[in-house]
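Shown next, in structure tokens, is the structure this report addresses.
Residues take their numbers from the sequence shown, with the count starting at 1.
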Amino acid sequence: MALLRTTRRLLRAVGAHYANRRRDASLRDCDPRMLKDIGLRWERGKLVPLHPERIAAAMSDVVATSGAATAARESRREICPRCGARLA
């Protein structure tokens, strides 16, 4: 059973890797202004979001809806969304 689960995860990861490579190749020819409109930029050869704190906030909202709402709210107040430093 564990071998089957590991094989599925491995195949899913390989599929995601190649899908991301195809996406990056299709955006490689875009100029920086167009990528900025989309909300992306190239950094050290990788495609990264312009505002990663928005993605982190969205991920914490997903955690909050999964049942740990109070812990997620407390952790959001204790950590700066821009730099990640602990707040006093």
Side-chain angles (χ1 to χ4, degrees):
M1 195 65 157
L3 182 63
L4 182 62
R5 185 175 347 131
T6 303
T7 305
R8 283 183 184 160
R9 286 183 182 173
L10 182 63
L11 289 174
R12 197 175 313 135
V14 168
H17 172 75
Y18 282 109
N20 289 338
R21 283 187 56 167
R22 281 191 304 271
R23 180 203 62 209
D24 291 353
S26 68
L27 293 174
R28 178 91 43 204
D29 296 332
C30 295
D31 65 340
R33 292 176 302 179
M34 185 182 291
L35 288 174
K36 187 176 180 181
D37 289 341
I38 299 171
L40 300 171
R41 65 185 161 103
W42 287 106
E43 183 176 294
R44 297 181 182 173
K46 289 185 81 174
L47 202 57
V48 295
L50 279 176
H51 305 289
E53 64 270 3
R54 291 183 185 170
I55 294 173
M59 293 298 273
S60 65
D61 288 343
V62 169
V63 169
T65 59
S66 68
T70 57
R73 277 191 225 120
E74 290 175 1
S75 67
R76 245 187 279 159
R77 289 185 204 138
E78 295 173 0
I79 298 174
C80 176
R82 186 165 290 274
C83 65
R86 291 187 70 87
L87 300 175

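Listed here is the closest heavy atom pair of Leu40 and Pro49: CD2-CA, 4.1 Å. Residues Asp24 and Leu47 approach most closely at OD1-CD2, 3.5 Å, considering heavy atoms.
Note on Ile38 and Trp42: same hydrophobic cluster, where clusters join Ile, Leu, Val, Met, Phe, Trp and Tyr whose side-chain heavy atoms are under 4.5 Å apart, directly or indirectly.
Going from atom CZ of Arg5 over to atom CZ of Arg8 covers 10.0 Å, rounded to the nearest 0.5 Å. The distance from atom CZ of Arg41 to atom NZ of Lys46, rounded to the nearest 0.5 Å, is 12.0 Å.
Residues Asn20 and His17 fail the side-chain proximity criterion, which asks for heavy atoms closer than 4.5 Å.
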